[in-house]
Amino acid sequence: MNAQTPQLPPPQVSTHRGGFGPGHYTIAPENHFGSRLPEFADTVVKKLTTPRNGSSRVAMYLLEIAPGGGTVTPAGAGFEHFLYALDAGLDGVLGDAAPATAFAYLPAGQTFEVANPTDGTLRLLWVKRRYEPAAGHPAPDVVRGVASELERSPGSVPGVYRLELLPSLHPSFDFAMSILSFDPGAVFPKVEIHDEEHVLYMLEGRGVYVLDQQYYEVQQDDFIYMAPYCPQYYYPGGLGTSAYLLYKDANRDGFEN
Ligand code: UGY
Ligand code: MN
């Protein structure tokens, strides 16, 4: 090896092509198949999960909004929503010319509009679910923010950090949205098995996700669904930070009423 050609790991994972097992699945961009929804024009909808998968109480859509595209009528009536900009430049619900990582929580009953005034395709993540009220607690208010402007907190082990995007310790909220980030070499403290389901979108970097003893190489823009009680463990990999956006239902016990 000479000094000009350091041996670095390849910038992408080697085997990952999506997969499906009991209680989980992963979807890589090369698995995507575009759909459309009537509230949107010039927008390809990648339905990463919906209740059609059998256990999910939530949907996550990746919206790819072409120049001039967006909502043609207010979207999402009857549901609560979380929206997260993967790219900068959208007008509408996240503010005009919203920066990447801008997000909004909209309580049930609110709809939203979005438009792409730029000359490139812009991506928006949309989490949608039916709000589950809790007796004695009012429905949450709107929450807005820009994740890149917020301070992450150290997690339970060195090199693991957590940024909570919603005040989801409050019992009014029935879900949490967090960004978990990992220094190279950090480890998860344990294999988790828990009642809550997860929807996960890789924001940065790469690693290996262990789901019910199956190993999946994952990297930026991959998606994972984890059903309740799916055993889960993450090995961060690569030379840089890896991070994912994580949905988790919260403050409820799985009985709908
Ligand atoms: O909060 C969580 O359940 C989180 N630690 N799970 C995960 O990242 N798979
Ligand atoms: Mn978990």
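Everything quoted here is computed from the prediction, not taken from an experiment. One-based numbering, in listed order, for ligands and for the atoms of each.
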Please check if any side-chain donor atom of [X] sits under 3.5 Å from a side-chain acceptor atom of [Y], or the reverse.
X    : Y    : result
S35  : Y61  : no
E204 : S242 : no
H24  : Y209 : no

Donor-acceptor pair, distance only, cut-off 3.5 Å: does the side chain of [X] make one with the backbone of [Y]?
X    : Y    : value
D212 : C230 : no
H32  : K46  : no
R252 : E132 : yes

Tell me whether ligand 1 is touched by [X] - counting only heavy atoms on the residue side and a distance under 4.0 Å.
X    : result
F188 : yes
F182 : no
E196 : no
Y244 : yes

Inset, instruction - State yes or no: are the ring centers of Y233 and Y235 separated by less than 6.0 Å? - result: yes
Inset, instruction - Verify whether the ring centers belonging to F82 and Y247 lie closer than 6.0 Å. - result: no
Legend entry - Element-labelled atoms of ligand 1 that are located less than 4.0 Å from some non-hydrogen atom of L246: 4 (C), 6 (N), 7 (C), 8 (O)
Students should be able to answer this: which protein heavy-atom is nearest to [atom], and at what distance?
atom                   : result
atom 9 (N) of ligand 1 : Q232 OE1, 2.7 Å
atom 6 (N) of ligand 1 : E192 OE1, 2.9 Å
atom 2 (C) of ligand 1 : K248 NZ, 3.4 Å

Inset, instruction - Just give me the atom name: the N, O or S atom of H194 closest to the Mn ion (ligand 2). - result: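 Answer by atom name: NE2.
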Inset, instruction - Classify the contact between Y209 and ligand 1 as side chain, backbone, both or neither, using a heavy-atom distance cut-off of under 4.0 Å. - result: side chain
Inset, instruction - Mind checking whether L200 contacts ligand 1 via backbone (N, CA, C, O), side chain (CB onward), both or neither, at a 4.0 Å heavy-atom cut-off? - result: neither
Inset, instruction - Indicate yes or no: at least one non-hydrogen side-chain atom of L48 is less than 4.5 angstrom from one of V199. - result: no
Legend entry - NE2 (H198) to the Mn ion (ligand 2) to OE1 (E192) angle, given to the nearest 10 degrees: 170°
Inset, instruction - With atom 1 (O) of ligand 1 as the reference point, say which of E197, H198, R162, H194 has the nearest heavy atom. - result: R162
Legend entry - Metal site the Mn ion (ligand 2): N/O/S of M226 inside 2.8 Å: no
